[in-house]
There are 2 protein chains.
Amino acid sequence: MVPPRASGGDKRRMILDAAVVAFARRGFHACRVSDIADEANVAYGLVYHYFRSKDEILDTLFLDRWNVLLAFIAQTAAERTPPRDKLHAIAAAIIDFYRYDPALMKVIIVEVMRSANTFGLRHTDKIAEAYVLIGEIVASGQATGSFKREVSPRFAALAFYGAIEQVLTGWIFGMLPEGDEEFDRAKSAIVETICGGLDDMSYRAASVRSV
Amino acid sequence: MVPPRASGGDKRRMILDAAVVAFARRGFHACRVSDIADEANVAYGLVYHYFRSKDEILDTLFLDRWNVLLAFIAQTAAERTPPRDKLHAIAAAIIDFYRYDPALMKVIIVEVMRSANTFGLRHTDKIAEAYVLIGEIVASGQATGSFKREVSPRFAALAFYGAIEQVLTGWIFGMLPEGDEEFDRAKSAIVETICGGLDDMSYRAASVRSV
DNA sequence: CCCGCAGTTGACTGACCAGTCAATCCGGGA
DNA sequence: TCCCGGATTGACTGGTCAGTCAACTGCGGG
């Protein structure tokens, strides 16, 4: 799998790591290939020895990480735990991805997930896979009766993922305080909002009674 | 307010409308200023008579629309209706913005809201205003007891807005079917998910009872 | 009738940058 | 030792555009 010479894969890895830093700092468009090469301490041309284009670097960054995430979601979905726990595990995984490599997650969210006309469309199907898996979790929750049937699994999946992405975006752009405590609180808050809802049931019951 | 000569404001308006079409078609980056001028049937240079730069056109497009939306949210928040109805009204307004001018909403979502490193950051404060207003609705719902207090208003606002944006994104990229019926269903589905939650309370109560 | 100016035109410039390529380096096998 | 081929280098090219500017038009006031 790994080429015999360490330096070969080594430099490739260095370029990839440098690209994360460079893309995260200035954004994909504003970042020049020479920025990546400089950051990696490598000659300009070497970037094109390992990658066909600047785009391919971003694609690689995204796909490597996204496939790991998809595998995790699929595995989680297959387990025999309550659907609410599954959603919590998925929210936790995504948030921890950000916690342990914020620059890479920033690049993936900002430059791929959220950048429609350029890269998003190239990976629409890959992204949709995640929605489908999450939707299946919701559907099976409805089938066993732990989730109600008012909301279609598809919408629920979008709402769930959308909430997570919005919170990540808040961290990425410094609109929300970061920290281990905030990360863990966010996991619970998202799941509590989507699963538990905002409505206070006792209040609701009271007002229904009073009618 | 309107300049005496119709043609002056007229051309400006034509350029703005053409920009919406051009940005929506190819994306802000891929779209050249000449594309806008062509679309508007106007000379290249005239674009620079009315706007300082290509960026300023996008800014104008965004701010004009966003201010209308902010005003609507503020007005809705001030009314004396249940918080759940307020959230429904806001979701409806955003979705109807898309329904009646999909190209403009696409540009705003894709090129401003979702395009961090370039434009998003320039308008972070404007965008945050919406979050704050929505958060206040949630907070007042908690104060009157119709919303429970487990979730912080700030997170609830992010989740609510995130769910809407995700659904809009689904329409924009053709991942979700569009249509009047879908639009109305989405409004209810989003509010039902965020307010009502996915959990089936009767199931929950039953399993608690059985313990 | 002429002047002035806002509105309008489009060719041109200057900068930028992705991607190319010919040259060089260097390790290992014969 | 010599040769081969992958790794590495960075100057250079080609094309793309945002933004400039000098020139033209036509209307309204003097």
Side-chain angles (χ1 to χ4, degrees), chain A residues 1-62 107 111-112 115 117-119 122, chain B residues 1-62 107 111-112 115 117-119 122:
Chain A
M1 195 63 84
V2 177
R5 284 154 130 265
S7 68
D10 207 17
K11 288 284 173 72
R12 196 187 128 95
R13 186 71 259 159
M14 283 167 72
I15 291 169
L16 244 16
D17 291 342
V20 170
V21 175
F23 291 162
R25 182 163 47 221
R26 319 199 27 199
F28 178 80
H29 285 289
C31 160
R32 288 156 293 171
V33 174
S34 63
D35 291 337
I36 300 173
D38 290 351
E39 183 71 35
N41 284 312
V42 138
Y44 185 95
L46 195 62
V47 174
Y48 287 90
H49 180 72
Y50 288 106
F51 301 95
R52 252 191 296 263
S53 66
K54 188 184 167 190
D55 285 12
E56 195 183 84
I57 299 175
L58 182 54
D59 283 345
T60 304
L61 251 19
F62 167 73
V107 169
E111 307 297 343
V112 183
S115 92
N117 278 323
T118 25
F119 281 88
R122 185 135 90 248
Chain B
M1 194 65 83
V2 178
R5 280 155 133 264
S7 70
D10 207 18
K11 288 286 174 73
R12 196 187 128 96
R13 185 71 260 158
M14 284 167 72
I15 291 169
L16 244 15
D17 291 342
V20 170
V21 175
F23 290 163
R25 182 162 46 221
R26 322 198 25 199
F28 178 79
H29 285 289
C31 159
R32 288 156 293 170
V33 173
S34 64
D35 292 337
I36 301 173
D38 290 351
E39 184 71 35
N41 282 314
V42 136
Y44 186 96
L46 195 63
V47 174
Y48 287 91
H49 180 71
Y50 288 107
F51 301 95
R52 251 192 296 264
S53 67
K54 189 183 167 191
D55 284 13
E56 197 183 82
I57 298 175
L58 182 54
D59 283 345
T60 304
L61 251 19
F62 167 73
V107 170
E111 306 298 343
V112 183
S115 92
N117 278 323
T118 25
F119 281 87
R122 184 135 90 248

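All chains are named by letter (A, B, ...) in the order of the sequence lines, taking the proteins before the strands, and each is independently numbered beginning at 1.
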Participant: What is the minimum heavy-atom distance between B:V107 and B:V20, and which atoms define it?
Facilitator: CG2-O, 3.7 Å
Participant: Using side chain to side chain donor-acceptor pair (under 3.5 Å) as the criterion, list what pairs up with A:D17, not counting sequence neighbours.
Facilitator: A:R13
Participant: Whole angstroms only, please: what is the OH-P distance between A:Y48 and D:dC12?
Facilitator: 18 Å
Participant: May I ask you to verify if any side-chain N or O of B:Y50 is less than 4.0 angstrom from the OP1 or OP2 atom of C:dT8?
Facilitator: yes
Participant: Using a 4.0 Å cut-off on protein heavy atoms (strictly under), produce a 5'-to-3' string for nucleotides 11-17 of chain C with B for base contact, S for backbone-only sugar-phosphate contact, and - for none.
Facilitator: B-----S
Participant: Within this structure, what is the CD1-to-C1' distance between B:I57 and D:dA18, rounded to whole angstrom?
Facilitator: 11 Å
Participant: Hey, does the side chain of B:K11 come within less than 4.0 Å of C:dG7's phosphate (OP1/OP2), counting only N and O?
Facilitator: no
Participant: List the atom pairs, with distances to 0.1 Å, where a side-chain N or O of residues 30-40 of chain A and a protein N or O form a donor-acceptor pair under 3.5 Å, not counting sequence neighbours.
Facilitator:
{"unit_1": "A:R32", "atom_1": "NH2", "unit_2": "A:D35", "atom_2": "OD1", "d": "3.4"}
{"unit_1": "A:D35", "atom_1": "OD2", "unit_2": "A:R26", "atom_2": "NH1", "d": "3.0"}
{"unit_1": "A:D35", "atom_1": "OD2", "unit_2": "A:R32", "atom_2": "N", "d": "3.0"}
{"unit_1": "A:E39", "atom_1": "OE1", "unit_2": "A:R25", "atom_2": "NH2", "d": "2.9"}

Participant: Whole angstrom is fine here: how far is it from CZ in A:F51 over to C1' in C:dA18?
Facilitator: 16 Å
Participant: What bend angle does the helix from C:dC1-D:dG30 to C:dA30-D:dT1 show across its length, from five-pair end axes and to the nearest 10 degrees?
Facilitator: 10°
Participant: Taking DNA chain D as the partner, which of residues 35-43 of chain A come within under 4.0 angstrom of it by heavy atom?
Facilitator: A:V42, A:A43
Participant: Under 4.0 Å: is that the gap between some side-chain N or O of A:H49 and OP1 or OP2 of D:dA7?
Facilitator: yes
Participant: From CG of A:L46 over to C1' of D:dG6, roughly how many Å is that when rounded to an integer?
Facilitator: 11 Å
Participant: Would you mind telling me which of C:dT8, D:dT9, C:dG19 lies closest to the side-chain atoms of A:S53?
Facilitator: C:dG19
Participant: Kindly write out the residues that satisfy side-chain contact (heavy atoms from CB on, under 4.5 Å) with B:T60, not counting sequence neighbours, or none if the list is empty.
Facilitator: B:R12, B:L16, B:F51, B:E56, B:D64
Participant: I want to check something: taking the side chain as every heavy atom from C-beta on, are A:R122 and A:D55 in contact at a cut-off of under 4.5 Å?
Facilitator: yes
Participant: Judged by atom type as modelled, is there a donor-acceptor pair below 3.5 Å linking the side chain of A:K54 to the main-chain atoms of A:F28?
Facilitator: yes
Participant: Do you know the tightest heavy-atom contact between A:I57 and A:V47?
Facilitator: CD1-CG1, 3.7 Å
